[in-house]
Amino acid sequence: MSPHNVTHEQLVQFALGELSSEETREIQAHLRQCEPCRRSVGRLQSLLDCAERMSVLPQDEQTVESANRKVLLAAKTQDQTRRGISFQAVLLGRTIMNHRMAKWAVAAVVALAVIAGWSLFTGDGSGAAYARMVDQLHSAHTLMFSMTTRTGVESMPTVRMDMAYRDTGHVRIATADGYVTVLEATSTGTKGISLVPPTKSYVVFEMANVRDDPAKDPWATLERLRTLPAQADTILGCREIDGRLLEGFQVRGEDATTTVWIDPDSGQLVRTELEFTGASGMNVILSDFQLDVPLEDSFFSLEPPEGYTPVEVSADASQVTERDFIELLRLWSNWTVDASFPPVVGSPEIAKIAVQMAREGKFVGPYAPAYGSERQPQIMYRGFVFVGQLAAGTWRYAGQNVSFGDPATPIFWYQLVGSSTWRIIYADLHVEDVTADKLPK
Amino acid sequence: MSDKNFENLVNEHGRRVLGTATRVLRDANLAYDVHQEVFLGVWRRWHGYNGDVNWPAYLYRATVRKALEIARRRMGKAGRGVKCQASSIEDHGLEPSNLNLPTSPAPDSAMQADELQQKLVAALARLPRRQAEAFILSRLEKRETAEIAKLLGCSEPTVRVHLHRAVMKLAVELHEYLEGEP
């Protein structure tokens, strides 16, 4: 075979070992006498050797698992976005966790439970973080976890509560000493019951006409918690916590920083830490997560135990008005030793503050005089719901450290939807309509 | 298709996707990125698939595409000079005379295997996609021609044509880095 009869195609086939033994022998014979072809084959061989070396890269088992797990988590996160858009018809039973009103109902209930005796004089308490972390809560059919709240206030103990959710629209919050609150989403709103063991009383509450906001799928929330790593601001890496090696991810939100610790082997959420911008020193740790544990109906019963007496509260959200809020301000100023108004009104922090004030002896008693154990919770509840209904930026509270009496000191102003004027409530609780340019600075 | 199926898909093919990406890119972090991008791309279209997808083929091709995209970006300017050479070869056809370029000075003995691999990946990234796919499947993934034909959706002779062209072009592109003596 002369040099001119050998094509490069044949040399490639030769190098790849694709030729028959006869063809191979012919090429070999040719190569012995043709240096350029020998060099070409040498280069082809060297190319294939290089590829051969690349083919044997070892693969790490753990890396595969970690990559698979991460992509599944990220897929779930994307899924949230999709569900948020396409699942417009959110089941009513699922409204409880994300609706602003529902959140406020919860916040109010927690505040209420604290104020009505849940923990006011027993040294137990807080729950302040509850409404804030509602957003972080779940979607699996059931979810249980423990919530430990460090208040950052020395005289207030660390509080541990057990939380349980079921996607039938039920929530149960229990402390070790038997304070239990159960919430149930109904077709028209939210109803619930809080048990107060020391007084063997219970508070039944109901909120109607809560409009649903279909823009979000509320039960996506725990999923979001579980999938936080895909969108974390900071990846903290692995650390040993309580004897377990966990992988940490941090997400900074507007009002809280969430740190999530995940078991790198199972991908399971192990621990979540929340720190709040507006409450330094306070943190909440969620742990002992259990997903999809079957929970019986009786676990979420709205029936009070035998021997408990009722304190009834109900509020139709469509009928809560400014007057309800003024009643709350009046009640509070009757309740405090110095006739001052609540330090805050638009935050679930009110529960924490109430506990602290009670401990510092700033209230005249467990209930404001002339209000009694039945009316007080109702007024509190409706008052807080009123503030909860107002859109952010359309109201302002300035009642901290102000006592009842001065008709010239504005303590609260707000603008109702569709109104060009603002309503100002003064420290003697009279109200005036003003235009925006006349608002207090 | 259900979310559970997606999970199965990832668990079943994740290793292969990561493996291919690792072999092409020889960088664990970049391969990891390819793995994520490939599967998340699938997930974004998940509910549009009709249940009749050849997943091994789909995933393989998506993986090679992504990996070579990254290789291309990574090479940046470094590979441009070589590219001109390659296109001129394409313009003039693949005659043996073109392939038998003048012998380069003795191959740089200090040239690390690693560098050669980098050059090879860069050259792969510039090949027509089918040729690159055939080469990677055959030489890096060690698949048989029949299997490659299934993955690429073509006949075995076509696979061989793609592979031969790939080998020839790569040999031309890398000739100055390849040892000339068998």
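Below, chains carry the letters A, B, ... as their sequence lines are ordered, and counting in each starts from 1.
A/Ser66 and B/Tyr32 share a donor-acceptor pair across their side chains, judged by distance under 3.5 Å alone.
In this structure, the portion of A/Leu48 lying under 4.5 Å from any heavy atom of chain B is its side chain and not its backbone.
The distance from atom CG of A/Leu47 to atom NZ of B/Lys169, rounded to the nearest 0.5 Å, is 14.0 Å. B/Arg139 CZ to A/Asp49 CG: the interatomic distance, rounded to the nearest 0.5 Å, is 9.5 Å. Interatomic distance, A/Leu72 CG to B/Gln36 CD, rounded to the nearest 0.5 Å: 9.0 Å. Separation of atoms NE2 (B/His164) and CD (A/Gln10) is listed at 11.0 Å; rounding is to 0.5 Å. Between the CG atom of B/Leu140 and the CD atom of A/Glu52 there is a distance of 9.0 Å, given to the nearest 0.5 Å.
Counted within 6.0 Å of CD on B/Glu144, heavy atoms from surrounding residues, nucleotides or ligands total 12 or fewer; the atom is thus considered open.
The two residues B/Leu178 and A/Ser46 come nearest to each other via the heavy atoms CD2-OG, 3.1 Å. The minimum heavy-atom distance between A/Leu44 and B/Ala171, with the atom names listed, is CD2-CB, 3.6 Å. In this structure, A/Ala67 and B/Leu18 approach most closely via the heavy-atom pair CB-CD2, 4.3 Å. Contact detail for B/Arg23 and A/Ser55: the closest heavy-atom pair is CD-O, 3.4 Å. Heavy atoms only, all atoms of each residue included: A/Cys50 and B/Gln117 are closest at SG-CG, 3.6 Å. Contact between A/Met54 and B/Val121 at its shortest, heavy atoms only, is CE-CG2, 3.5 Å.
The side-chain contact (heavy atoms from CB on, under 4.5 Å) check on B/Ala132 picks up B/Leu68, B/Leu124, B/Leu127, with sequence neighbours excluded. For B/Glu37, the side-chain contact (heavy atoms from CB on, under 4.5 Å) test picks out B/Lys66, with sequence neighbours left out.
Among residues 151-160 of chain B, the residues having any heavy atom closer than 4.5 Å to a heavy atom of chain A are, in sequence order, B/Arg160. Within residues 13-20 of chain A, the residues approaching chain B closer than 4.5 Å by heavy atoms are, in numerical order, A/Gln13, A/Leu16, A/Glu18.
Considering only heavy atoms from C-beta on, B/Met168 stays 4.5 Å or farther from A/Leu11 through its side chain.
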- Show your reasoning for whether side chain to side chain contact (heavy atoms under 4.5 Å, CB included) applies to B/His35 and A/Asn68. CA-CA 8 Å; B/His35 174 285; A/Asn68 288 353; 2.8 Å; yes
